[in-house]
Amino acid sequence: MSSSDDDMPLARANGHLSASKVSKADDRAMDVDSSAEAMPAPISVRNGPVDNHSRVNGSGKRKSRSSIANVSYKDASDSDDGPLAKRQKKIVADDSDDEVLSRKPKKLPPAASETAVLEDSDDDKPLNAKLAQKRKSIEKNAEKEAKAIRANESKQKKPTPKKAIKEESDDDAPLAGAKGKKRVSNGAASKSKANGVKKEESDSDAPIRKKIKAAPAKTAPAKGKVKAESSAPAKKTPAKKVKEESADPDEEDEEAEYRWWDAPKKEDDSIKWTTLEHNGVLFPPAYESLPKNVRLLYDGVPVNLDVEAEEVAGFFGAMLHQKHHVDNPVFQQNFFKDFKEVLDRTGGATDRQGNKVNIKDFSKLDFQQIYDYYHAQSEARKAKSKEEKKADKAEKDKLEAPFMYCRWDGRKEKVGNFRVEPPGLFRGRGAHPKTGKVKHRVLPEQITINIGKDAKVPQPPEGHKWKAIQHDNKATWLATWQENINGAYKYVMLAANSAIKGQSDWKKFEKARELKKHIDRIRKDYTRDLKSEVMADRQRATAVYLIDKFALRAGNEKDTENEAETAGCCSLKYEHITLREPQTVIFDFLGKDSIRYYDEVTVDRQVFKNLRMFKKPPKKDGDDIFDRLTTTQLNKHLSSYMQGLSAKVFRTYNASYTMANLLKNLPVNNASVQEKIKLYNDCNREVAILCNHKRTVGAGHEAQMEKLGDRIKGAKYQKWRLKQMLVDIDPKQRKKRGTEYFEYDEDLDESWIQDHIAFLVEEQRTKIQKKFEKDNEKRQAEGEKPFPDKELKERMKAADELDKKLKKEYRTKKVEAEGKSPTIDKIEQLINKADERIKALELQAADRDGNKEVALGTSKINYIDPRLTAVFAKKFDVPIEKFFSKTLREKFNWAIKSVEDNVDWEF
DNA sequence: TTAATCACTTAGAACTAGCTTG
DNA sequence: CAAGCTAGTTCTAAGTGATTAA
């Protein structure tokens, strides 16, 4: 046990340690419900403690529990560099200032996943239980399958019967080669990065541009081995439809698709290419000074700045609309500090007379003019005519053309991000301590180029040099540099639809599929180890349990001073988990990108006891739950089951496996295409929830929902009016249908209706006004005299009448039937229509609200084996376009093609 | 053993194009 | 027939995890 726990500097494993061994007595003690954790108030909110306004950590409820009254959520801390000691300083109820820092997401998402395994979970049983049941059966399934696979395998050394999927020959992991070997560069430079700056001109042979253009389509790679192609030339892309041959210089050498997924696998895939040609990177345009009349104001005084300082001011000014950043005090402070530095370096600011202006107070800065200027520019851009836009686009394309593609082993491949990141302000997510700092312009001198030995090295901009040139064919990047804020490495790599990315995607999913074979054994082992006497093992088993069951991320250690405080499994802290007897665990922490993970789940009793043990005093806030476990250890353990198995594979596995099972049990049979899509998306959504993929719907959402709500009410109001018309036509209707029928919908209330009437009238007015102006324009264009204002007034009478009419209706609750020769029948039809409309709108509202914070995209792009989708689409005759956008279809081309004639493919 | 380095995947926000829809 | 959305795309931050260096 550490000696002085309280004032220890913060560092992982520095907090309180658990004992290294667990005695029987310790174990038994955990059964007794006596710890500080003991009696949490029964929280039943699935959506997490919603603490509405400012404070977001949702600790309100828990704080009120005496037992853990001192739980301080890390976000309650007010220091960004938060040494533990500091964080512990008792946060009394309100540390007002830090809510402004917006450390937490503003809205409370619904509880992440209903992954509970056992019963319990007092309230909201039904939903919970249903989903839990589903998961459970999926797991059962997994075990069965694993056994089956193994049985099958031992019987016949040659596994897969399916010819199309030779990939399945999983015994030798696809990754094996790559990962096993060290990634020693065999390129020339790599060792001596610094030495670098090989003279570009030195080794340039034929100019690459020329080569690219010249290269006849078919004569692919005269160079290295690259035999792959041979095996499956099958589909050739027909030589491009006529079209603009001129526009794209690369158009001419359209090539046959490289069907690597049909090609034999390479024995050694650590070598990524044999030849590599490209044109380097595209730098952002140089800074353009603001016009003289656009100024930064300080204390109301327009100031002169050096261009460099002006540019930095411009960074801030340009993002004035991004309240989220601009209002964040940390962002402001960091920006201001850097801004002042530039100011100091460049001679400061002066007023019109040339007198020094001492800029020392951020709040006196006024960027409005700058913002307005940039905003106007972008508006102007948007307002451009079609032709102009087209011309602009053409110019841009021309500029980018040389960088768009590279030649990789002779094949033309798309480059992903050839543009060097422009300078600006660092937008860290969550409570990033460095958010708002100035991100410098990247110079060629900072950029290392990776390129084939025989390729022409791209020319750096006039008067500049590259930092270095290397020829590392074990790396897939074309260029790299380090960013100045965190020293993070940035890479220019190929696009997602490239062969190299596709292959590694494929490997990822194959790896996950391979896990199917081992999952039962792994689960058995960790279930056993949950009771291990060795604390490290017990922690590891518990962690794997959580990762497996709840799809948590591994949780690498983080640099607390320079990064936002977020957590994953291994880095979970004391305060991130609350325990409720007998076996409920409540997670509440910020995960990747500071996205909140909130979930109440039911766990095995042993897991519950272990967690209690890992939280045993003197552990407290800020201490690691898994103090004897690191991700490295965990992954090392996992890899003993299977080459290349690490924590993240579980996420892929669980997502894809879950998706597979969900799709399997879908009632697709006589569903329409629309319905099938909906069903698929529902599955997708479940996976997204499992992975806790969310989007923060900005302030806009609330307003949008309200607007939608208003539209619903509006429709209901119209329906009410229609009903009254029935009476107008035939007073007997009232008796016939009963008075209730003619009352307001419960959604509507008097004051809303009054507002609505005002709104409708106003709307009419605007319409009339607009129409009037338009008509006038037309007249003017035709050389006629514009209408006099009198005409407008005349027209406006319609609105006044409407006002009168609606108000009268409102007073008398009588509505005159509208339309020519209205009949009961006609009105009834209209009522039906209104009903339909209401229903549609309500559905839309519900759908949107339910979906508002779930992001389906991420799981579709990264976690769900695309072959599942391809098979689903094929099997049930839904066009793949309904599931994959154009880019996604390109990215997943391998998947779509490889199951084309194998709808029986299974994950 | 730990820390640093590096390369690559995963992630939500911001931006944009194109499609309704009022 | 623009306005207002949504879906799709781009951007780059933030993870993971292997390897290397200390």
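Proteins come first, then strands; the chains are lettered A, B, ... in the order of their sequence lines, and each starts at number 1.
His321(A) meets the ring-ring contact (aromatic ring centres under 6.0 Å, His included) test with Tyr371(A); sequence neighbours excluded. Residues that satisfy the salt bridge (charged side-chain N to carboxylate O under 4.0 Å, His left out) test with Arg765(A), not counting sequence neighbours, are Asp800(A). Applying the side chain to side chain donor-acceptor pair (under 3.5 Å) test to Lys396(A) and every residue at least two apart in sequence or in another chain returns nothing.
In this structure, Phe759(A) atom CZ and dG22(B) atom P are separated by 12 Å, rounded to whole Å. As a whole-Å value, the separation of Lys474(A) NZ from dC8(B) C1' is 17 Å. When rounded to the nearest whole Å, the span between CG of Leu494(A) and C1' of dC8(B) equals 12 Å. Computed from coordinates, the Met493(A) CE to dT10(B) P distance equals 13 Å when rounded to whole Å. Remark: C1' of dA17(B) and NZ of Lys396(A) are 12 Å apart, rounded to the nearest angstrom. Taking atom CH2 of residue Trp477(A) and atom P of nucleotide dT9(B), one finds them 15 Å apart after rounding to whole Å. Atoms CD (Glu853(A)) and P (dG12(B)) sit 12 Å apart, rounded to a whole Å. The CZ-P distance, from Phe892(A) to dT9(B), rounds to 13 Å in whole Å.
Residue pairs meeting the salt bridge (charged side-chain N to carboxylate O under 4.0 Å, His left out) criterion with at least one member in residues 414-432 of chain A, sequence neighbours excluded, are Glu400(A)-Arg419(A), Glu421(A)-Lys439(A), Glu421(A)-Lys490(A), Arg429(A)-Asp593(A). Screening residues 475-484 of chain A for salt bridge (charged side-chain N to carboxylate O under 4.0 Å, His left out), with sequence neighbours left out, gives no hits.
Each of Lys393(A) and Arg651(A) was assigned the nucleotide of DNA chain B with the nearest heavy atom; the assignment lying further toward the 5' end belongs to Arg651(A). Nearest-nucleotide positions on DNA chain B place Tyr491(A) closer to the 5' end than the other of Tyr491(A) and Asp505(A).
Within the nucleic acid shown, Arg381(A) has no heavy atom closer than 4.0 Å to any nucleic acid atom. Contact annotation for Thr632(A): no contact, since no heavy-atom pair falls under 4.0 Å across all strands.
The side chain of Lys501(A) contributes no N or O atom lying less than 4.0 Å from OP1 or OP2 of dC8(B).
Between the side chains of Asn497(A) and Thr887(A), no donor-acceptor pair is found at a separation under 3.5 Å. Checked by atom type, the side-chain pair Tyr680(A)/Thr869(A) shows a donor-acceptor distance below 3.5 Å.
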Quiz item: Tell me, for nucleotides 7-16 of chain C in 5' to 3' order, what letter each nucleotide earns: B for a base near a protein heavy atom under 4.0 Å, S for only sugar-phosphate near one, - for neither?
Solution: -SS-SSSBSB
